[in-house]
Amino acid sequence: MIPLIFTFLGIVSDPDFAASDSLQIEVLETGTTISASFKKQFKLELPVDTVWNICVNSEKCYELKYLGKDSVFSAEIHGKDVTWFDDGSSQVDSGELRVESDVAEVDGVAQGTVTEQVTELRKVVVQLRKKPKRKLGESVVSAKNIKRMPGLAEADVMRSIQALPGVVASSDFSTKIYVRGGASDQNLFLLDNGIVYSPTHFFGLFSTFLVEAVDDVKFYKSGFPAEYGNRLSSVAAINSRKGGNDTLSEWFSKNSIKISTFAAQAHTEGHKGNARWVIAARSTYIKQILDLLQAAGATDFSVDYKFTDIQGAFDYEFSEEENLHVALYTGSDVLNFSPLFVDWGNTVIPINYRWKVSDRWQSSIGISYSLFYQDFRIEDLLGMENGVSTLAIRQALAYSGIEDHTLTYGYDLEFSKVFFIQNVQMTGQKFEDKPQGFHHILYAQDNWRPGSWDVRYGLRLNYHELSGHFGVEPRFAVSWEFAENQKLEFYTGYYFQYLNNLMFSDMESLNEFYYPSRKTVINGTIKPSSSILSAVGYSISDIFGMFNFNTEAYYKTQNNLTVYSQESMDDSTASRVESLGDMIMFGEGYSFGYELSLQKPDGFVSGSINWNQGWSVFKDGPNKAYFPNWHQPYALKGDLCFNWFEENYFLRTSFQLKWASGMPYTPYLGTITKYPIDEEFPGYDVDSYRGNRNATMQTDYFRLDAKLIDWGKKDKWNFGFTILNLTNHKNLFYVFYHTDENPPREEKIYQFPFFPLLLNWEYYF
């Protein structure tokens, strides 16, 4: 019987580290981090899987494999393959491993008790895993951290990104993100290199991705590499998890069911031969829960709404040098809120094949299909459809034959179809616009690591068929570790975006309405949006052996932003309209700010606190400059976790805090009577006078959430109890004006109240 917990007694003697180094040992599978010293024994408790990835100072990672049944084993971490057999013979590259009956240190090697009676063949392998350092500008959010955050009883990928500094969430009801002054459509979401458009449910209340199928999220908000493009603000690269147990060959080696207040989820995974897979599915029962609350008198709100998700991945390893990875996400939403009916959804299918051509060359090729659609209908009066589908082929070559350099070359080809249909049934008018075309991308990049420097420079070339635009995007990033655990970083780059969201008003749209750059009759060529982003930062890690601190300042320009407008059209101009692009005007803007972040990643008490302050300004057409509706001048975010115990059973309590400025809005100042409408039916035609656009700020936002109970048995079960808005703070969502009164009367709509009924239960089998 394989034990539930393994004890690893180890020593770090890798010559890349020095005797004076203070070492941080991290188990990637669990996030456990401990401090250690060079050539001094350390002790780790490892979960049931018998393959673990252990990183030292986040610089070098080792894959530890153990094939056996004993609960305690030991090895020296040197970076060499080590194999030990119970008959006393060993296959050791440099003789770093010994195992005896008592814990001791012989010749600088950790010894550990394995078992008194050795009767079966067993093997220990410690090998260096060729994993590069974290890339410049990259933040990594692990599935483990996503699960620990308080939320709507659902672990939510997008809300974990919202907790990062420099990222704005417009409201409690939205998982959209606004990064460093940019709009929500300026963020690129990739699932295993497949594009995901508008990844939200219920207009942003939930995000689409299922945590059981996610390994981690690599998030860039500064200087993303040349391989990424067609967005101005950020990249969120979501990586699927490999399923199955490393040492067990079973069709269904791990399964789970999850039940929460608003949704139910199930998942299964397996490992058979060279194949591994994981698949998860989720469905909501929001309508039924609201109906129960309504029957109990707890609310008078009800809605006919449902969403579903299916997400999974399949991996096949032909050899250590060749791997095939196929993933899938599909989800749909249906809202029937008479007289409004809305149907929308996403499908993404990425296929990636990677192989090591030689010791110096590595190659990858991928093909992906993405579809986003949405259909809005107001009974038999008005219908509007919008969507985008993309078929993309990506090829990349990496060359590491030059010392301290890694060269990457790539070519991407995307074919996209966009459709926009408006059907006004009451007048019989129908408008259709269905542009489509190819987008060619060629890029080259060099990662150069001379000594304490890390330099990345590259160039991305675009040819966009619909607009006839040829774009050149230079990228540059540099990091200098000028002292122990201290770095200075600088990023700058030029970015183009060929697919934009049309802004219909100064209010946040429920979903993005995508439209491409293209040639038009009235506006000529709709050029792509563009941005120059520069940032400088400083970071220091291992303060007092437990804290990490970083700060960053940025400045970003934005040009050729697309805004829908028919206001300036006369009759002769309107008669020439052939496409939606003829009804667009253009805007520009800029943003700047700074961020501070302090983290304590592990221990009995762990958490972080982030402060960001920033300003963003937009101007479109002949209008005056204004703050966009996602402008948030300051925000303080914090999370705190108490790890009461973390052995076979665990118990945690987590808190999440956000205090921020309110969002801007446009006030109504008054009305004026123009003329009587009819003597028999009293009433007047009135004009409403609005103030300057978004010139008034909502009251400050404050919310404290608590996941009071996060209790479970590792790999067996988990129970969570979450309270939203613990202090019942009234956070303003929207100000509605009754313009039939003078002066117009305000009516305020608020966000989440105190909500104590969020429960979730997970069971693994």
Side-chain angles (χ1 to χ4, degrees), residues 168 170-171 176 178-186 232-233 497 500-509 512-513 515 517 520 522-524 526-533 554-570 573-574 580-593 613-635 660-672 674 686-701 732-737 739 742-744 746 748:
V168 170
S170 61
S171 73
K176 291 183 179 181
Y178 301 84
V179 180
R180 291 181 167 176
S184 62
D185 69 310
Q186 295 177 5
L232 304 185
S233 291
Q497 182 166 332
N500 293 278
N501 173 41
L502 293 180
M503 296 185 224
F504 290 96
S505 70
D506 57 355
M507 294 301 298
E508 181 182 38
S509 60
E512 274 75 34
F513 288 86
Y515 198 75
S517 300
T520 66
I522 297 174
N523 282 322
I526 300 176
K527 296 180 180 179
S529 300
S530 63
S531 172
I532 299 175
L533 170 62
Y554 65 90
Y555 180 81
K556 178 165 65 175
T557 65
Q558 299 188 64
N559 297 288
N560 295 319
L561 303 173
T562 54
V563 181
Y564 178 83
S565 176
Q566 290 180 289
E567 295 177 0
S568 59
M569 283 190 178
D570 54 29
T573 303
L580 190 63
D582 290 318
M583 295 177 276
I584 287 175
M585 64 179 180
F586 305 97
E588 60 184 4
Y590 63 89
S591 59
F592 61 93
Q613 193 164 10
W615 295 263
S616 54
V617 178
F618 274 54
K619 184 180 184 301
D620 52 63
N623 299 319
K624 295 180 180 179
Y626 63 94
F627 296 125
N629 62 289
W630 57 85
H631 171 63
Q632 192 173 70
Y634 55 85
S661 63
M663 299 299 189
Y665 69 98
T666 305
Y668 280 79
L669 303 180
T671 59
I672 183 171
K674 293 177 67 175
V686 297
D687 274 347
S688 300
Y689 284 92
R690 305 180 74 188
N692 291 331
R693 184 172 181 178
N694 284 350
T696 302
M697 302 296 291
Q698 297 175 353
T699 53
D700 279 2
Y701 177 99
L732 192 60
F733 173 59
Y734 180 65
V735 179
F736 174 76
Y737 286 90
T739 56
N742 194 11
E746 284 187 348
K748 296 180 179 179

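Partners of Tyr634 by side chain to side chain contact (heavy atoms under 4.5 Å, CB included), not counting sequence neighbours, listed by chain and number: Trp611, Gln613, Trp659, Ser661, Asp700. Residues satisfying the side chain to side chain contact (heavy atoms under 4.5 Å, CB included) test with Ala625, not counting sequence neighbours, are Val617, Lys619. Contacts of Ser529 classified as side chain to side chain contact (heavy atoms under 4.5 Å, CB included), with partners at least two apart in sequence or in another chain: Leu232, Gln497, Asn500, Leu561. When the ring-ring contact (aromatic ring centres under 6.0 Å, His included) test is applied to Tyr555, no partner is found at least two apart in sequence or on another chain. Applying the side-chain hydrogen bond (donor to acceptor under 3.5 Å, both in side chains) rule to Gln186 yields the partners Ser233, Gln558; only residues at least two apart in sequence or on another chain are considered. Scanning for side chain to side chain contact (heavy atoms under 4.5 Å, CB included) contacts around Glu588 gives Asn559, with sequence neighbours left out. By the ring-ring contact (aromatic ring centres under 6.0 Å, His included) test, Tyr515 pairs with no residue at all, sequence neighbours left out. A search for side-chain hydrogen bond (donor to acceptor under 3.5 Å, both in side chains) contacts involving Ser616 returns His631, not counting sequence neighbours. Considering only residues two or more places apart in sequence or on other chains, Phe592 meets the ring-ring contact (aromatic ring centres under 6.0 Å, His included) condition with Trp615. Take Tyr737 and apply the ring-ring contact (aromatic ring centres under 6.0 Å, His included) test, not counting sequence neighbours, and it matches Tyr668.
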Run the side-chain contact (heavy atoms from CB on, under 4.5 Å) test on Gln698 and Tyr665 for me, step by step, so that the C-alpha distance in whole Å, both residues' side-chain angles and the decisive distance to 0.1 Å come before the verdict. CA-CA 7 Å; Gln698 297 175 353; Tyr665 69 98; 3.7 Å; yes

Let's go through Met663 and Gln632 carefully: what are the C-alpha distance in whole Å and the side-chain angles of both, what is the deciding distance for side-chain contact (heavy atoms from CB on, under 4.5 Å) to 0.1 Å, and is it a yes or a no? CA-CA 6 Å; Met663 299 299 189; Gln632 192 173 70; 3.7 Å; yes

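Between the side chain of Ser531 and the backbone N or O of Thr557, at least one donor-acceptor pair lies under 3.5 Å. In this structure a side-chain-to-backbone donor-acceptor pair under 3.5 Å is missing from Trp630 to Val168. Not one N or O on the side chain of Asp620 forms a donor-acceptor pair closer than 3.5 Å with the backbone of Val563. Between the Thr696 side chain and the Pro667 main chain, no donor and acceptor come within less than 3.5 Å of each other.
Minimum heavy-atom separation, Asn694 to Thr666: N-OG1, 2.8 Å. When every heavy atom of Val179 is checked against every heavy atom of Lys556, the shortest pair comes out as O-NZ, 3.1 Å. Smallest separation of non-hydrogen atoms from Gly662 and Met697: O-CE, 2.9 Å.
Within the model, atoms CG of Asn560 and CD1 of Ile526 stand 10.0 Å from one another, a figure rounded to the nearest 0.5 Å. Remark: Asp582 CG to Thr520 OG1 distance equals 4.5 Å, nearest 0.5 Å. In this structure, Asp185 CG and Tyr178 OH are separated by 9.0 Å, a value rounded to the nearest 0.5 Å.
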